[in-house]
Number of protein chains: 2
Amino acid sequence: MVTEAAHKRLVQFQIKPSLQRIAVMNYLLNNRTHPTVDEIYSHLAKEIPTLSKTTVYNTLKLLVDQGAVLLLNIDKNTQHFDGDVAPHAHFRCIECGRIVDLPQPRVSKINVTGVGELQITECQVYYKGYCADCRNAKIQA
Amino acid sequence: MVTEAAHKRLVQFQIKPSLQRIAVMNYLLNNRTHPTVDEIYSHLAKEIPTLSKTTVYNTLKLLVDQGAVLLLNIDKNTQHFDGDVAPHAHFRCIECGRIVDLPQPRVSKINVTGVGELQITECQVYYKGYCADCRNAKIQA
DNA sequence: CTTTGTGCAAATTCTTTGCACCAAA
DNA sequence: TTTGGTGCAAAGAATTTGCACAAAG
């Protein structure tokens, strides 16, 4: 498997590249579906049978803390993760739950005046609604 | 206590105005701090000793489903609720956790082209960073 | 009555923690 | 050998569910 990019990303964010960490990072880089902990674990467990969900949690926490990965709270129940840390918005379909990226250019890491001086370090824009598939399904029904 | 506004809001969104529902809605209208279920429950339990947390959950779910209240997922662990359903952004301080409103004008309920046709029904913008107080505290430390 | 709301307790789910073992430097 | 990573099992926390009782029409 090709894991150079994952390895590089880890090193870049000062994370020691263990087998498991590379696997998680690699999964996130190759699967831009904003997977949950469970999805990541389920897939990787096939390749790494000894893998523990705790390790996936540990690794994701580390990745998020170091800024190598984005944590999305768009879903009420579960955390979703995004290997793309560049500024962009998200859209979540109310019907099927899929989360897609929106290439929305927007400001980030800026100072906003108003309620005192807020030092913005992160900005996440969440849209919800119906994706094309579900919308069509609704119309036909 | 003044609860006309709360009562009106419930009726407006076709929710039968029970004592508990009015109390929850009223609390949200008078406390723009984006409280959690627990905060709402704790405060209301003083006025209504028989109040159950389940009822608070039930009520909030109903309010959110009917669109009378906004559910925020800005916080990883807990749900926050907002009685202000008009479009606006939120800022959450990384340090103290407080969530404040940002009077940010933005588009909502629009159609976006790109990943098929997305029918947007809701948009939440989340900023994170340091509020004035915590920023000052950091500087002095 | 009949329907709807309330609230207790138990169950569920996601996530974290404590601790022991393993691996690399 | 010392540090850091992994993984199992248990704990924890937020939320949901099942069900019985109470209230309103």
Side-chain angles (χ1 to χ4, degrees), chain A residues 3 6-7 10-11 13-27 34-66 68-81 92 97 99, chain B residues 3 6-7 10-11 13-27 34-66 68-81 92 97 99:
Chain A
T3 55
H7 188 284
L10 295 182
V11 173
F13 286 89
Q14 304 174 39
I15 298 167
K16 283 195 184 169
S18 73
L19 174 74
Q20 291 84 343
R21 289 172 179 173
I22 293 173
V24 170
M25 189 69 247
N26 190 61
Y27 185 84
H34 315 84
T36 62
V37 171
D38 225 62
E39 286 166 349
I40 298 169
Y41 170 74
S42 308
H43 280 86
L44 295 185
K46 294 171 190 166
E47 307 167 18
I48 312 170
T50 62
L51 184 66
S52 150
K53 198 176 275 185
T54 303
T55 298
V56 178
Y57 272 106
N58 286 340
T59 301
L60 287 169
K61 188 182 187 322
L62 185 64
L63 291 171
V64 170
D65 286 351
Q66 296 299 314
V69 155
L70 220 57
L71 166 59
L72 311 184
N73 291 327
I74 194 171
D75 183 355
K76 205 177 74 169
N77 308 311
T78 327
Q79 305 182 347
H80 292 259
F81 296 88
R92 180 170 190 274
I99 299 171
Chain B
T3 56
H7 188 283
L10 294 182
V11 173
F13 286 90
Q14 304 174 40
I15 298 167
K16 284 194 184 170
S18 74
L19 174 74
Q20 291 85 342
R21 289 171 179 173
I22 293 173
V24 170
M25 189 69 248
N26 190 60
Y27 186 84
H34 314 84
T36 63
V37 171
D38 226 62
E39 287 164 351
I40 297 169
Y41 169 75
S42 306
H43 280 87
L44 295 184
K46 294 171 190 166
E47 306 168 18
I48 312 171
T50 62
L51 184 66
S52 151
K53 199 177 274 186
T54 302
T55 298
V56 178
Y57 271 106
N58 286 341
T59 301
L60 286 169
K61 189 183 187 322
L62 184 64
L63 291 172
V64 170
D65 286 350
Q66 297 298 315
V69 155
L70 219 57
L71 166 60
L72 311 185
N73 291 328
I74 194 170
D75 184 354
K76 205 177 72 170
N77 309 310
T78 326
Q79 306 181 347
H80 292 259
F81 296 88
R92 179 171 191 273
I99 299 171

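This one's a predicted model, so the numbers in the text were calculated from it and none came from an experiment. Just so we're on the same page: letters track the sequence lines, and every chain starts at 1. Computed over heavy atoms, backbone and side chain alike; hydrogens, waters and symmetry mates excluded.
At least one donor-acceptor pair under 3.5 Å links the side chain of A:S42 to the backbone N or O of A:D38. A donor-acceptor pair is defined here as one N or O able to donate and one able to accept, closer than 3.5 Å; such a pair exists between the side chain of B:E39 and the backbone of B:T36. At least one donor-acceptor pair closer than 3.5 Å links the side chain of B:H80 to the backbone N or O of B:H34.
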Would you tabulate the pairs of protein nitrogen or oxygen atoms and nucleotide nitrogen or oxygen atoms of nucleotides 16-25 of chain D closer than 3.5 angstrom?
residue, atom, partner, partner atom, Å
D:dT16, OP1, A:K76, NZ, 3.1

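Atoms CG (B:L44) and P (C:dT6) sit 12 Å apart, rounded to a whole Å. Distance, B:D75 CG to D:dT15 P: 9 Å, rounded to whole Å. Atom CD1 of A:I40 and atom C1' of C:dT15 are 14 Å apart (whole Å). Between the CD1 atom of A:I15 and the P atom of D:dG4 there is a distance of 15 Å, given to the nearest Å. Look at CG on B:L10: it is 14 Å from C1' on C:dG5, rounded to the nearest Å. Taking atom OH of residue B:Y41 and atom P of nucleotide C:dT6, one finds them 14 Å apart after rounding to whole Å. Following rounding to the nearest Å, B:L62 (CG) and C:dT4 (C1') show an atom-to-atom distance of 12 Å. Rounded to whole Å, the distance from CD on A:Q20 to P on C:dC22 is 15 Å.
Among the candidates A:T59, A:D65, A:N58, the single residue satisfying the side chain to side chain donor-acceptor pair (under 3.5 Å) test with A:K61 is A:D65.
Comparing B:K16 and B:I48 by the nucleotide of DNA chain C that holds the closest heavy atom to each, the one mapping nearer the 5' end is B:K16. In terms of position on DNA chain D, the residue among B:T78 and A:T55 whose nearest nucleotide sits closer to the 5' end is A:T55.
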Show me the donor-acceptor pairs within less than 3.5 Å that the side chains of residues 13-24 of chain B make with the rest of the protein, sequence neighbours left out.
residue, atom, partner, partner atom, Å
B:S18, OG, B:R21, N, 3.2
B:R21, NH1, B:K16, O, 3.0

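The OG1 atom of B:T78 sits 10.5 Å away from atom CG of B:N73, with the distance rounded to the nearest 0.5 Å.
In this structure, of C:dT6, D:dG7, D:dG5, it is D:dG7 that holds the atom nearest to the side chain of A:S52.
The shortest side-chain heavy-atom distance between A:F81 and A:L70 does not fall under the 4.5 Å cut-off.
Between B:T50 and C:dG7 there is a side-chain N or O to OP1 or OP2 distance below 4.0 Å.
At the heavy-atom level, B:T36 lies nowhere under 4.0 Å from the strands shown.
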